[in-house]
Amino acid sequence: TLLGLSLAARRPRLGRALAWVGVLVLLVLSVPVVSYALLASLETGEPLDPAEVRDAGAIVVIAGGLRRGALEYGGDTLNGLSLDRVRYGAWLARRTGLPVLVSGGIGGDGTKEGEVMERVMREEFGVTPRWVEAQSRNTRENALHSAALLREAGVRRIVLVTHGVDMRRAGDEFRAAGLEVIAAPTGLPGRPGDVWRDWVPGMGALVGSYYALYEHLANAMRGLGLN
């Protein structure tokens, strides 16, 4: 859209065309049924039944980011993605009795996601992780550093907790690191109902489309060996 507007004076037709394409793409991505279709294309199966962990040795929860400078908490805390994962990991831990590893590295200001995850899981959900991996910078390093810690404890089979939208990529990275993975996705997209609101653009749907497109791009780059 910005490119089109910048060209409007010199190339009016091209400029208007590009601007309208930008607006229409954003409009389409903001429609709930489109967002759901993009998210559903990344789903990797059904929710995990806690009774079917099949001899797993640990639950691994990977970070999704921090909320910086949260005034009501007196500093950094988990953002919505990480909180979803920590909550589900604690829920699974209480039902399976499996030990937990939390994995998340150093942010731009030095705050370690893994340490914040450990604190929140312990203080707010009553589950104390056995391992804290706090050096990784991306999903591949989540897998490599976590696998190293787990191998020392003799763990080869894990229950992996992340969002359903990125479970495929995360699972591939942890398997490449030498672990057997049981997928435990959270935040699975709900089915759209047959109501008029599912065709009305909204910011929530645009956020969902963003996450889906991000994962599709990341999967494509991984397939090309670029990440």
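Quantities reported herein were computed from a predicted structural model and do not represent experimental measurements.
Distance CG/Leu179 to OG/Ser146: 8.0 Å, rounded to 0.5 Å. Between the CZ atom of Arg140 and the CZ atom of Arg169 there is a distance of 10.0 Å, given to the nearest 0.5 Å. Lys112 contributes atom NZ, which lies 14.5 Å from atom CE of Met117 (distance to the nearest 0.5 angstrom). Between Arg130 atom CZ and Glu118 atom CD the span is 13.5 Å, to the nearest 0.5 Å.
Nearest approach of Leu160 to Met167, heavy atoms of both residues: O-CE, 3.2 Å. Closest heavy-atom contact between Ala90 and Phe125: CB-CB, 3.7 Å. Of all heavy-atom pairs between Thr162 and Ala170, the closest is CG2-CB, 4.1 Å. In plain terms, the two heavy atoms of Thr77 and Ala70 that are nearest each other are CG2-CB, 3.8 Å. Ala212 approaches Val165 most closely through the heavy-atom pair CA-CG2, 4.1 Å. In terms of heavy-atom proximity, Ala184 sits nearest to Leu48 at CB-CD2, 3.7 Å.
Here the side chains of Leu66 and Asn79 are not in contact, with every heavy-atom distance at 4.5 Å or above. Between Val60 and Leu150, the closest side-chain pair of non-hydrogen atoms falls below 4.5 Å. Using a 4.5 Å heavy-atom threshold, the side chains of Val61 and Leu101 count as separate. Counting heavy atoms from C-beta outward, Val159 and Leu98 have side chains that approach closer than 4.5 Å. Annotation: side chain of Val102 is not in contact with side chain of Glu113 (no heavy-atom distance under 4.5 Å). Residues Trp199 and Pro32 form no side-chain contact, since every pair of their non-hydrogen atoms from C-beta on lies 4.5 Å or further apart. Counting heavy atoms from C-beta outward, Val127 and Trp91 have side chains that stay 4.5 Å or more apart. Met121 has its side chain out of reach of Thr128: every pair of non-hydrogen atoms, C-beta onward, lies at least 4.5 Å apart.
For Trp131, there are no ring pair (Phe, Tyr, Trp, His ring centres under 6.0 Å) partners, not counting sequence neighbours. The ring pair (Phe, Tyr, Trp, His ring centres under 6.0 Å) check on Tyr211 picks up nothing, with sequence neighbours excluded. Under the side chain to side chain donor-acceptor pair (under 3.5 Å) criterion, Ser30 pairs with no residue at all, not counting sequence neighbours. For Arg119, there are no salt bridge (charged side-chain N to carboxylate O under 4.0 Å, His left out) partners at least two apart in sequence or on another chain.
Electrostatic pairing of Glu72 and Arg67 counts as a salt bridge here, judged by a charged N lying under 4.0 Å from a carboxylate O.
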Determine, step by step, whether Ile59 and Val161 satisfy the side-chain contact (heavy atoms from CB on, under 4.5 Å) criterion, reporting the C-alpha distance in whole Å, the side-chain angles of both residues, the deciding distance to 0.1 Å, and the verdict. CA-CA 7 Å; Ile59 296 168; Val161 175; 3.8 Å; yes
Stepwise, does the side-chain contact (heavy atoms from CB on, under 4.5 Å) test hold for Leu42 with Asn219? CA-CA 10 Å; Leu42 292 159; Asn219 286 329; 3.8 Å; yes
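No donor-acceptor pair under 3.5 Å is formed between the side chain of Glu124 and the backbone N or O of Val120. A distance-only check finds no donor-acceptor pair linking the side chain of Ser35 to the backbone of Val31 [under 3.5 Å]. Using modelled atom types, one side-chain atom of Ser6 and one backbone atom of Leu3 make a donor-acceptor pair closer than 3.5 Å. In this structure, Ser136 contributes its side chain and Asn138 its backbone to no donor-acceptor pair below 3.5 Å. Side chain of Ser209 to backbone of Ala205: a donor-acceptor contact under 3.5 angstrom is found. In this structure a side-chain-to-backbone donor-acceptor pair under 3.5 Å is missing from Asn142 to Ile62.
Applying the salt bridge (Lys or Arg N to Asp or Glu O under 4.0 Å) test to every pair with at least one member in residues 78-102, sequence neighbours left out, gives these pairs: Arg85-Asp166. Residue pairs meeting the salt bridge (Lys or Arg N to Asp or Glu O under 4.0 Å) criterion with at least one member in residues 146-165, sequence neighbours excluded: Arg157-Glu180.
Leu81 and Met203 fall into different hydrophobic clusters, where Ile, Leu, Val, Met, Phe, Trp and Tyr side chains are chained together by heavy-atom contacts under 4.5 Å. Cluster membership check: Leu7 does not share its hydrophobic cluster with Val23, using side-chain heavy-atom separations under 4.5 Å among Ile, Leu, Val, Met, Phe, Trp and Tyr. Each of Leu5 and Leu26 belongs to its own hydrophobic cluster when Ile, Leu, Val, Met, Phe, Trp and Tyr are linked at side-chain heavy-atom distances under 4.5 angstrom. Hydrophobic clustering (ILVMFWY, side-chain heavy atoms < 4.5 Å, transitive): Leu29 and Val33 are in one cluster. Following chains of ILVMFWY side-chain contacts shorter than 4.5 Å, one cannot reach Leu144 starting from Leu149, and the two form parts of different hydrophobic clusters.
Exactly one of Val28, Leu206, Leu39 qualifies for a side chain to side chain contact (heavy atoms under 4.5 Å, CB included) with Val34. That residue is Val28.
Annotation for Asp55: atom CG does not count as buried by contact number, only 12 or fewer foreign heavy atoms lying within 6.0 Å. Heavy atoms from other residues, nucleotides or ligands lying under 6.0 Å from CZ of Arg175 number more than 12.
Ser103 and Glu133 form a side-chain donor-acceptor contact under 3.5 Å, judged by distance and modelled atom types alone.
Taking the six-membered ring where the residue is Trp, Tyr214 and Tyr210 present tilted rings, their angle falling between 30° and 60°.
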